[in-house]
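This one's a predicted model, so the numbers in the text were calculated from it and none came from an experiment. FYI, the numbering just counts along the sequence from 1.
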Amino acid sequence: MATSCCRGPCARRPRRTAPRSDSTARPRCWRCVVCTGRTGAPFGLEERLINLSAAPEVEGVDFAASPPGGWLLAHIPWTEAEHRISAAHPAAGAAKLLGVAATAACLVLERRTWRGDDRITHVRLTFPGEAYDLVARFTPNRG
């Protein structure tokens, strides 16, 4: 199951993102919300803003046929990315789309990408927390 609800152009800056330069101009963006899942149960929610100056061709893409992340990787070069992983309660709209309570613990991954100083995309991926574990394997530093 993949439900795509692309809302089209917007002039909103993503929450908690600061411009990479001193510029206060807000880029014209494309807002896209995609809920994915299997066997009827939602798997995750993708809320994405794409800078139309960096990726103008996005306006003609059918994200119901090609998910935004995969399309961007195949068509839009980038030079830097930032990930932020956290645990959080879902926003009311996200809770409804994911089929979880507003008080449920969710795994949230926020990613921002740039090409030089130009912002390309900001995405917030929200997953029901009970379905995920983060595991790291490491060895001591033997300097």
Practice prompt. Would you please test Leu109 and His83 for side chain to side chain contact (heavy atoms under 4.5 Å, CB included) and show each step?
Written response: CA-CA 7 Å; Leu109 171 77; His83 279 169; 3.9 Å; yes
Tell me whether [X] contacts the main-chain N or O of [Y] through its side chain, where contact means a donor paired with an acceptor under 3.5 Å.
{"X": "Asp118", "Y": "Ala54", "value": "no"}
{"X": "Arg115", "Y": "Pro77", "value": "yes"}
{"X": "Thr126", "Y": "Val108", "value": "no"}

Can you tell me how far the [atom1] atom of [X] sits from the [atom2] atom of [Y], to the nearest 0.5 Å?
{"X": "Arg124", "Y": "Arg84", "atom1": "CZ", "atom2": "CZ", "answer": "10.0 Å"}
{"X": "Leu125", "Y": "Phe43", "atom1": "CG", "atom2": "CZ", "answer": "10.0 Å"}
{"X": "Ser86", "Y": "Leu107", "atom1": "OG", "atom2": "CG", "answer": "7.5 Å"}

Discussion item. Between Val123 and Glu47, does the side chain to side chain contact (heavy atoms under 4.5 Å, CB included) criterion hold? Intermediate values first, please.
Written reply: CA-CA 6 Å; Val123 63; Glu47 300 169 277; 6.0 Å; no
Fill in: Shortest non-hydrogen separation from Ala104 to Pro90 and the atoms involved
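Of all heavy-atom pairs spanning Ala104 and Pro90, the closest is O-CD, 3.2 Å.
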Any non-hydrogen side-chain atom of [X] less than 4.5 Å from a side-chain atom of [Y]?
{"X": "Cys29", "Y": "Ile50", "result": "no"}
{"X": "Leu45", "Y": "Val34", "result": "no"}
{"X": "Trp71", "Y": "Val58", "result": "yes"}
{"X": "Arg111", "Y": "Thr113", "result": "yes"}
{"X": "Cys106", "Y": "His89", "result": "no"}

Practice prompt. Decide, yes or no, whether a salt bridge links Arg28 with Glu59 under the criterion of side-chain N to carboxylate O below 4.0 Å.
Written response: yes
Practice prompt. Please name the residue in the list Ile76, Asn51, Leu49 that meets the side chain to side chain contact (heavy atoms under 4.5 Å, CB included) test with Ile120.
Written response: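 So, applying the side chain to side chain contact (heavy atoms under 4.5 Å, CB included) to Ile120 and each of Ile76, Asn51, Leu49, only Ile76 qualifies.
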Practice prompt. Go through the steps for Ile85 and Leu134 under the test side chain to side chain contact (heavy atoms under 4.5 Å, CB included), then give the verdict.
Written response: CA-CA 10 Å; Ile85 301 170; Leu134 293 176; 3.8 Å; yes
Worksheet, complete the sentence: Contacts of Glu82 meeting salt bridge (Lys or Arg N to Asp or Glu O under 4.0 Å) (sequence neighbours excluded), chain-then-number -> Arg112
Worksheet item: Between the side chains of Glu110 and His122, is a donor N or O closer than 3.5 angstrom to an acceptor N or O?
Response: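 Side chains of Glu110 and His122: pair found under 3.5 Å.
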Item to complete: For the pair Tyr132 and Phe127, name the ring-plane relationship: parallel under 30°, tilted 30 to 60°, perpendicular over 60°.
Response: tilted
